Chemist: 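I am attaching a structure below and will ask some questions about it afterwards.
Bear in mind the structure is a predicted one, so any value in this text is a computation, not a measurement. Remember, it's 1-based here, ligands and their atoms both numbered in the order they're listed.
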Amino acid sequence: MEQSAVHAYPQAARDFLAPVFAQYPLEVTSAQGVWLTNVRGERVLDLYGGHAVVGLGYGHPAWTAALARQAAACNFQSNAVAMPVRTRAAERLVRFSQLPFASVFFVNSGAEANENALKVALRLTGRRHIAALEGAFHGRTAAAGAVTWGAQAKWYGFPRTPFNVSFIPRGDTAAMRAKVTRKTAAVIVEPVQGLAGAVDLGAPFLAALRRRCDEVGALLIFDEVQCGMGRTGHPFAANLYGVTPDLLTTAKALGNGFPCAALLMAEKVAAGVTLESLGTTFGGGPMACAAIEAVIEAIESERLLQRVQRVGAYIRESCILGPVTGHQGAGLLVGLRTTRPARQIHSELLESGILTGTASDPRVLRLLPPFILEEEHVDMLRDALRDLPA
Ligand SMILES: Cc1ncc(COP(=O)(O)O)c(C=O)c1O
């Protein structure tokens, strides 16, 4: 009997994934250290780390063992049941931050952390206005998307934003003072804007934001989903710039690939968070918490912050050649400014076995490599860039 087309699936070539991601011409089967192996068995140097997630690199022995141990011991209990691994992860994260945070709320993704940060700020202040920065990316959920620059025109999809939003031009202190008023509940800002192309907002502007928030009684939220957890060579960009926010969100490198995120809160914020005002099923699960502990342990014991600073500086010294004319960003959140569309350079590098990233700025090639990167890997990038047409 002949099969109808409907019954003929699955066809070998059919892909059931929603077609929402433009994919690189690369199919990965395994990875080790800073190297990916593709389906043809070829090695590719990974300077992109899965959108900044893979801080410790691939196959990190202690991280892998911590997950295996936790899986065997107890793979899940919700927040309704206390677990030592969760308590330890929260304490470890606060101590790692070297910032005066009093409380941690664990969630699953960067967008969810920002969603909760905004909710807490709106409830605590009783205000309805949020200020964000031009160029910002904060995630794809209703509140995080509302404070993402350009989202409404491109993909927002919700009929309205859940609060009033103003966008501040980057570095414009006068505009910032006009837009952040006594009606503002919070300012949300990435201290180094990731997707925008590793755009460093700088200590003076961030300090001015802090002062303005204090003047008008608004809260300051640092979105360190991408630039936090050691990526700048400091625990957080807040440490690098010497500006302390009231709330800080982080994700990506926090779990090294195990999905997790955290919202850190200063005492005055934590004091306003009451029973059942926030919630989650998966957030703070024991596997995520074991991953977080292992990540912090590795960053500290392997002195990875120092390595990020050193290798980040080496990229900036050695890779301004060929089609690259300058750099921006901090640590291993690097934006290389290019003479021609970064997408072209990205494709050419991939053909030479080096994976990089692009940014919303079409003339920025973005590097987000694992923190275990060595100078010898940077030399490979330098040599490949040197061979490309300027
Ligand atoms: C700065 C920043 N905030 C928030 C997000 C959203 O995180 P997630 O994709 O985990 O929801 C991202 C993701 O790229 C990000 O870079």
Chemist: Would you tell me whether Gln193 and Arg170 have side-chain atoms, one donor and one acceptor, within less than 3.5 Å of each other?
Modeler: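 Note: Gln193 and Arg170 side chains meet the donor-acceptor criterion.
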
Chemist: Near ligand 1, which protein residues have a heavy atom under 4.0 Å away?
Modeler: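 Close residues (ligand 1, cut-off 4.0 Å): Ser109, Gly110, Ala111, Asn114, Phe137, His138, Gly139, Glu190, Asp223, Val225, Gln226, Lys252.
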
Chemist: Are any of the side-chain nitrogens in Arg211 or Glu215 under 4.0 Å away from the carboxylate oxygens of its partner?
Modeler: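 A salt bridge is absent here (no side-chain N lies under 4.0 Å from a carboxylate O).
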
Chemist: Between side-chain atoms of residues 317-327 and protein atoms elsewhere (two or more places apart, or another chain), which donor-acceptor pairs fall under 3.5 Å?
Modeler:
residue: Ser318; atom: OG; partner: Tyr314; partner atom: O; Å: 2.6
residue: Thr325; atom: OG1; partner: Arg337; partner atom: O; Å: 3.4

Chemist: Looking at Glu224 and Arg231, does any basic side-chain N land under 4.0 Å from a carboxylate oxygen?
Modeler: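 No, Glu224 and Arg231 are not salt-bridged.
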
Chemist: Among residues at least two apart in sequence or on other chains, which ones pass side-chain hydrogen bond (donor to acceptor under 3.5 Å, both in side chains) with Gln23?
Modeler: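 Counting only residues at least two positions away or on another chain, Gln23 forms no side-chain hydrogen bond (donor to acceptor under 3.5 Å, both in side chains).
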
Chemist: Only counting residues at least two apart or in another chain, list the ones meeting ring pair (Phe, Tyr, Trp, His ring centres under 6.0 Å) with Phe258.
Modeler: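 Checked Phe258 against ring pair (Phe, Tyr, Trp, His ring centres under 6.0 Å); zero matches.
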
